[in-house]
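Order of the sequence lines sets the chain letters (A, B, ...), proteins ahead of strands, with each chain counted from 1.
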Number of protein chains: 2
Amino acid sequence: MARDSTRPRRATIHDVARVSGISRGTVSRVLNGERYVSDQARVAVEAAVKEVGYVRNTAARNLVTQRSRAVALVVHEPHSLVLEDPNIGNILLGTNAVLSEADYQMVTLILDSQRDSDRVAEYLRGGFVDGAIILSARSGDPIALAIAQLGIPAAFVGHPTDTPDVPFIGIDNTAAARGITERLMATGRRRIGMIAAALDRDSGSDRLSGFTLALGDAFDPDLVVRYPLYSYQTGVDGMRELLERAPDIDGVFAASDAVAAGAMDVLREWGRSVPGDIGIVGFDDSSWALRCTPALSTVRQPADALGRRAAQQVLDQLAGAEPPSGGTLLDTEIVWRDSA
Amino acid sequence: MARDSTRPRRATIHDVARVSGISRGTVSRVLNGERYVSDQARVAVEAAVKEVGYVRNTAARNLVTQRSRAVALVVHEPHSLVLEDPNIGNILLGTNAVLSEADYQMVTLILDSQRDSDRVAEYLRGGFVDGAIILSARSGDPIALAIAQLGIPAAFVGHPTDTPDVPFIGIDNTAAARGITERLMATGRRRIGMIAAALDRDSGSDRLSGFTLALGDAFDPDLVVRYPLYSYQTGVDGMRELLERAPDIDGVFAASDAVAAGAMDVLREWGRSVPGDIGIVGFDDSSWALRCTPALSTVRQPADALGRRAAQQVLDQLAGAEPPSGGTLLDTEIVWRDSA
DNA sequence: GTTTACTCTGGGAACGTTCACAGAAAATCC
DNA sequence: GGATTTTCTGTGAACGTTCCCAGAGTAAAC
């Protein structure tokens, strides 16, 4: 290619050594801010670095130090969900913030199919990254096993793992769901239903468990409808089904804010007032919540903090800390607004 | 750290050579799928690779080949917008799909402040990546200049650049806005307003230009309200302002779907029927559009394709192609639903 | 004044690949 | 059957760092 011939060879540490009249070893020490360097040498090196426009070659350094200063963020979700899920973006930002502050790169791996899954294992084994943060909704994820076997510093975001060696950062979906359901019950509702979703994921099944626990004896299995996805459409379909099954329903716990939004639109359509006729609560405190009319009561999930904590956990392991067995559950918070 | 002592040294190409009884050079040829390797040697090497669990050391390869097989995705947006913008996620997925198919890594750099901007330039110069894809909403972005100076293979997503050397992939916001406005006029509306947003970005100002062009002599500056962000709240505030200024308004072009959603909720509040009393159109064809009632007529923006094309453009340059001067504008499509 | 400790420097070796080259072996050509 | 081409293989060198060691100089301790 034409541009290669015109682009000058990049300056190396040897150029800096030559120009500054200081040995390669000392230049390296200056570059890494080590002790035992005279001021005189430091100044000379810094001047030479500027003069020749030196910037360190990452590959060479990685080769000799046997690390890459990069951490993978593995997003193991069907592609469509990556966009739907209001938390993933925040987790990503949190992770990125912590890593870049520690001068680490974030390498994003988005994978869907089984084929990809093998590819990822390959990367992780290949030393391309020093550690990994895995976003995965399901327990028993094949990636989990690969990570545990590799013994690479890692952390899961989202749910307890089967592998005690790999720590996780998550929230207690069961307790949170129970909490907001109890709060809904405390408003005096008698016939409370749930639009459950994503029961193949821990978050989905745990939220249903929490709901069941809260209701106790008052639990009526007929008032639970089940759908595969956390989505607006799930809310639309689920609310219709609930209204047909139990026209006297007066409270609904929607498995996510998006679900709640769909449900509220159906309620409006059916002429039921919220919170007058029926109280409704969601989960996530995503941008959906404020956009509903009336504003949605929901559980705030600290997505940004999840990402930050996971990144920090990996950095700690990289610094030599033992990974805590088990994991960390971050606190959720009930945000009570006007929908119930 | 304890785990280091237990973790065995990783197998190298030398181990493969030793076990297979084939020389290092030939092993390398097998690994890279080069010609001039006997079947016998190939089989022996493949067996040995499996036996010792060999996986190539990326750093060593990068060092000698002088490339990293990684491309940076630079997202230059305030953090909050990264989440709000319905297109960024799709662009990211498109980019990721193309890169990973070509066996390239995607390194995501999200930056906000000026400090970060310097850091990114440093990475790009440091050979950490072979190329870069830059998502930037504004022309005149400082990153643009840095990229152009570096002469590193790159592509912009989103808008024309000031730097002719760096190609861009975008859409023609002006033409698209003009198109949908004309379509709205064709439904017989007489008093059409616009809720304009993000006029500091090319997309925002171009959409306003398109609107102005479409209306021609019928353009009434009083019927344009301006807000800083593409958001639901902008739609709420903007629609109220328009209704106060011109109670007889019968058509609205909202600068984005989110804006349109906010506007529609205000219209419902004010008792104006859509599309009976007033027709409304948006922009993006994001998940907002279908979620509105009635479903929103809007302009479909091929976000996934934008990401794909940009990635392909960078890969082509990496393969030796000359970057096209100027750029590529992808087609948009009017999606006509029920809101107008 | 000798030991001991600390500070600073330079250069060899190594990290794990790929590439270029030379030469052997096999296939093809006249 | 010799010359030429093609296929295949092994080895030395290089990529640009960091780490380690040896040694020189200087300061502190006895």
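Across all strands shown, A:Arg29 has heavy atoms under 4.0 Å from base atoms, whether or not it also approaches the sugar-phosphate. Residue contacts shown for A:Ile22 are limited to sugar-phosphate atoms, with no base heavy atom under 4.0 Å away. Base engagement by B:Arg24 is indicated by at least one non-hydrogen atom pair under 4.0 Å involving a base atom. Among the heavy atoms of the strands, none lies under 4.0 Å from A:Ala59.
Residue B:Gln40 places no side-chain N or O under 4.0 Å from the OP1 or OP2 atom of D:dC8. Contact annotation: B:Arg35 side-chain N/O to D:dT7 OP1/OP2 distance is under 4.0 Å. Within the structure, every side-chain polar atom (N or O) of B:Ser28 is placed at least 4.0 Å from both OP1 and OP2 of C:dC19. Side-chain N/O atoms of B:Tyr54 include one lying less than 4.0 angstrom from OP1 or OP2 on C:dT17. Listed pair A:Asn62 / C:dC15 fails the phosphate criterion, with no side-chain N or O lying under 4.0 Å from OP1 or OP2. The side chain of B:Thr26 places an N or O atom within less than 4.0 Å of a non-bridging phosphate oxygen (OP1 or OP2) of D:dG10. Phosphate proximity of D:dG10 to B:Ser23: present, with a side-chain N or O under 4.0 Å from OP1 or OP2. Neither OP1 nor OP2 of C:dC15 sits under 4.0 Å from any side-chain N or O of A:Thr65.
Residues A:Val30 and A:Val37 come closest through the heavy atom pair CG2-CG1, 3.6 Å. The minimum heavy-atom distance linking A:Pro167 with A:Ala154 is given by the pair CD-O, 3.4 Å.
Judged purely by distance below 3.5 Å, without hydrogens or angles, the side chains of B:Thr58 and B:Arg61 never pair a donor atom with an acceptor atom.
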